[in-house]
Amino acid sequence: MQALQFSQPSGPAQLVNLADQQPTGYELWVSINAVAVNPVDLKVQSGIDSQAKTLGWDACATVVAVGELVKNFKIGDRVFYAGDVSKPGCYASHQIIDSRIVGHAPQTLDDHQTASLPLASLTAWELLFNRLRISLQKDHGKTLLIIGGAGGVGSIMIQLAKKIAGLKVITTVGSDESKDWCETLGADDTVSHHGTLVDNYRAKDLPEPDYIVCLGNSDTYYPVMAELIKPQGLIGIAVSFEKPVDLNLLKNKSAGLVWEFMFTRPMLNTDDIDQQQRILQRIAELVDSGALQHTLVQQFDFLTVDNLQAAHQLIASGHTRGKIALGPISNTDNA
């Protein structure tokens, strides 16, 4: 097998040859058809010290071999998954992956489109329905504010919150293009995050949000969320704080704060690890029924050193909408 590995906190990857592996237990050995890039790539790369790492946590692949405990997959199945950030990623020709965090790929999407879905879909679904515990029966019509709605996770969350949960969805945006993108996906309203977000939100006479999800800088937006959240509301955060925060800001409102880290289940081998397989299967069903659309906005035909570096530079700019996908791996331009 081949893989693109990073050996330093900055700079391009290197194409390396690695030994093929044999799956055991719940594992699948898959041939990777396409991958997508995410901000987590840059964060993991920044922490590299002396050991080279294969990044990548979004893939569409074909099953080549199965472990003895695998029940729901067979050789030749087309699958999609995000993986486990504590293990080698998918920027490779092949990968070992736990079948319990893998879903059967949507039938109506191509490989690039499919690769754009797993990490964003899992994060959005877990935030809404596992962490914030939004009920499809009881919470219809409540208000959700998404800070950073035009990115990969936000683009899926808008759709799930509006079309599946029936929430009133408001997102922050930084440009007219992002505004149009979010409204096309189903956002009821948008608020500029330029200037003072609290003032911008209240100037539009919008209802206090029952839920706020922050997909941006948690340090910057925590005081904003504490001020805007409805009494007894819930805040969901997906990005680590860099500085200490004052939880007392939430006390008078009896508001709550919950974390979402999509890799919790696979990293810690939780009792409900197979929930990720169920979520991905539900996502595939929603896509194939037309209820959910992919958010791929840019693609590269092959996963090469140059293409991956270009995709990472786009992610680093902080101005991308939706997702960027590449693949399969190719020797072209890697010399």
Side-chain angles (χ1 to χ4, degrees), residues 36-44 57-58 80-86 89 100-101 103 116-136 139 142-162 164-165 167 169-172 185 209-222 224-226 228-230 233-242 245 247 250 255-280 282-283 286 292 295 315 322-323:
V37 295
N38 293 285
V40 68
D41 299 349
L42 308 183
K43 184 173 182 179
V44 173
W57 293 280
D58 253 335
F80 71 140
Y81 57 88
D84 180 346
V85 74
S86 67
R100 296 172 296 177
I101 59 173
S116 74
L117 285 172
L119 186 145
S121 298
L122 286 166
T123 301
W125 186 284
E126 289 182 351
L127 254 170
L128 292 173
F129 305 120
N130 296 160
R131 314 308 177 210
L132 296 175
R133 300 185 179 182
I134 292 171
S135 168
L136 302 184
D139 296 322
K142 289 185 176 181
T143 299
L144 167 69
L145 170 62
I146 304 173
I147 297 177
V153 175
S155 297
I156 295 294
M157 184 175 290
I158 290 170
Q159 298 180 72
L160 292 176
K162 185 63 183 178
I164 308 304
L167 301 180
V169 180
I170 302 163
T171 71
T172 68
L185 293 173
D210 300 276
Y211 308 100
I212 302 177
V213 167
C214 183
L215 303 173
N217 186 302
S218 298
D219 294 276
T220 299
Y221 289 110
Y222 174 69
V224 174
M225 294 187 290
L228 286 176
I229 191 69
K230 187 176 182 177
L234 282 175
I235 296 169
I237 294 180
V239 180
S240 299
F241 289 113
E242 298 296 330
V245 296
L247 291 178
L250 303 176
L257 186 149
V258 294
W259 283 102
E260 162 58 13
F261 185 51
M262 191 227 74
F263 298 110
T264 294
R265 282 168 165 146
M267 277 183 64
L268 302 179
N269 193 28
T270 60
D271 292 340
D272 64 348
I273 186 173
D274 60 353
Q275 281 296 317
Q276 290 206 339
Q277 182 181 120
R278 294 188 176 95
I279 293 169
L280 288 173
R282 181 62 178 138
I283 293 297
L286 290 170
L292 187 69
T295 58
I315 289 290
K323 295 295 293 284

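Keep in mind the model is a prediction, meaning the values are calculated, not measured.
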Non-neighbouring partners of Arg133 that pass salt bridge (charged side-chain N to carboxylate O under 4.0 Å, His left out), sequence neighbours left out: none

Exam field: side chain Ser218 to backbone Phe241, donor-acceptor pair closer than 3.5 Å: no

Point-to-point distance, once rounded to the nearest 0.5 Å, from CD1 of Ile156 to CG of Leu292: 5.0 Å

By ring pair (Phe, Tyr, Trp, His ring centres under 6.0 Å) - contacts of Phe261 (at least two apart): Phe263

Side-chain touch Ile164/Leu136, heavy atoms, less than 4.5 angstrom: yes

Option among Leu185, Val169, Leu127 that satisfies the side-chain contact (heavy atoms from CB on, under 4.5 Å) test with Met157: Leu127

Spatial distance of atom CD1 (Ile273) from atom CZ (Arg100) [nearest 0.5 Å]: 4.5 Å

Partner set under side-chain contact (heavy atoms from CB on, under 4.5 Å) for Ser135, not counting sequence neighbours: Gln137, Lys138, Asp139

Side-chain touch Thr171/Ile158, heavy atoms, less than 4.5 angstrom: yes

Backbone N/O of Gly148 and side chain of Thr172: donor-acceptor pair under 3.5 Å: yes

Distance, nearest 0.5 Å, that separates CG of Leu117 from NZ of Lys323: 7.5 Å

Inter-residue atom distance Asn38.CG - Leu119.CG, 0.5 Å rounding: 4.5 Å

From CG (Asn269) to OG1 (Thr264), nearest 0.5 Å: 12.5 Å

Neighbour count above 12 (heavy atom, 6.0 Å) for Asp272 CG: yes

Ile146 versus Leu215, closest heavy-atom pair with distance: CG2-CD1, 3.9 Å

side-chain contact (heavy atoms from CB on, under 4.5 Å) partners for Ile279, two or more places apart: Leu122, Trp125, Glu126, Asn130, Arg265, Ile283

Main-chain N/O of Met262 paired with Gln276 side-chain donor or acceptor, under 3.5 Å: yes

Backbone N/O of Thr143 and side chain of Asp210: donor-acceptor pair under 3.5 Å: yes

Set of residues satisfying side-chain hydrogen bond (donor to acceptor under 3.5 Å, both in side chains) with respect to Glu260, sequence neighbours excluded: Arg131

Donor-acceptor pair, side chain of Trp259 and main chain of Gly236, under 3.5 angstrom: no

Smallest separation among heavy atoms of Val40 and Trp57, with atom names: CG1-CE3, 3.9 Å

Shortest non-hydrogen contact from Leu145 toward Pro209: CB-CB, 4.0 Å

Nearest non-hydrogen partners of Pro118 and Ala82, listed with the distance: CB-N, 3.6 Å

Residue that, paired with Leu257, satisfies side-chain contact (heavy atoms from CB on, under 4.5 Å) out of Val245, Leu234, Ile237: Ile237

Over 12 foreign heavy atoms within 6.0 Å of NZ, Lys230: no

4.5 Å side-chain heavy-atom contact, Val153 and Val213: no

Inter-residue atom distance Leu128.CG - Thr123.OG1, 0.5 Å rounding: 10.5 Å

Close side-chain approach of Leu286 to Gln159, heavy-atom, < 4.5 Å: no

Listed partners of Tyr221 passing ring pair (Phe, Tyr, Trp, His ring centres under 6.0 Å), at least two apart: none

Full working for side-chain contact (heavy atoms from CB on, under 4.5 Å) between Lys43 and Val239: CA-CA 11 Å; Lys43 184 173 182 179; Val239 180; over 6 Å; no

Gly152 to Ala120 - nearest heavy-atom pair and separation: O-CB, 3.4 Å

Contact summary for Ala36 and Ser116, nearest pair of heavy atoms: CB-CA, 4.1 Å

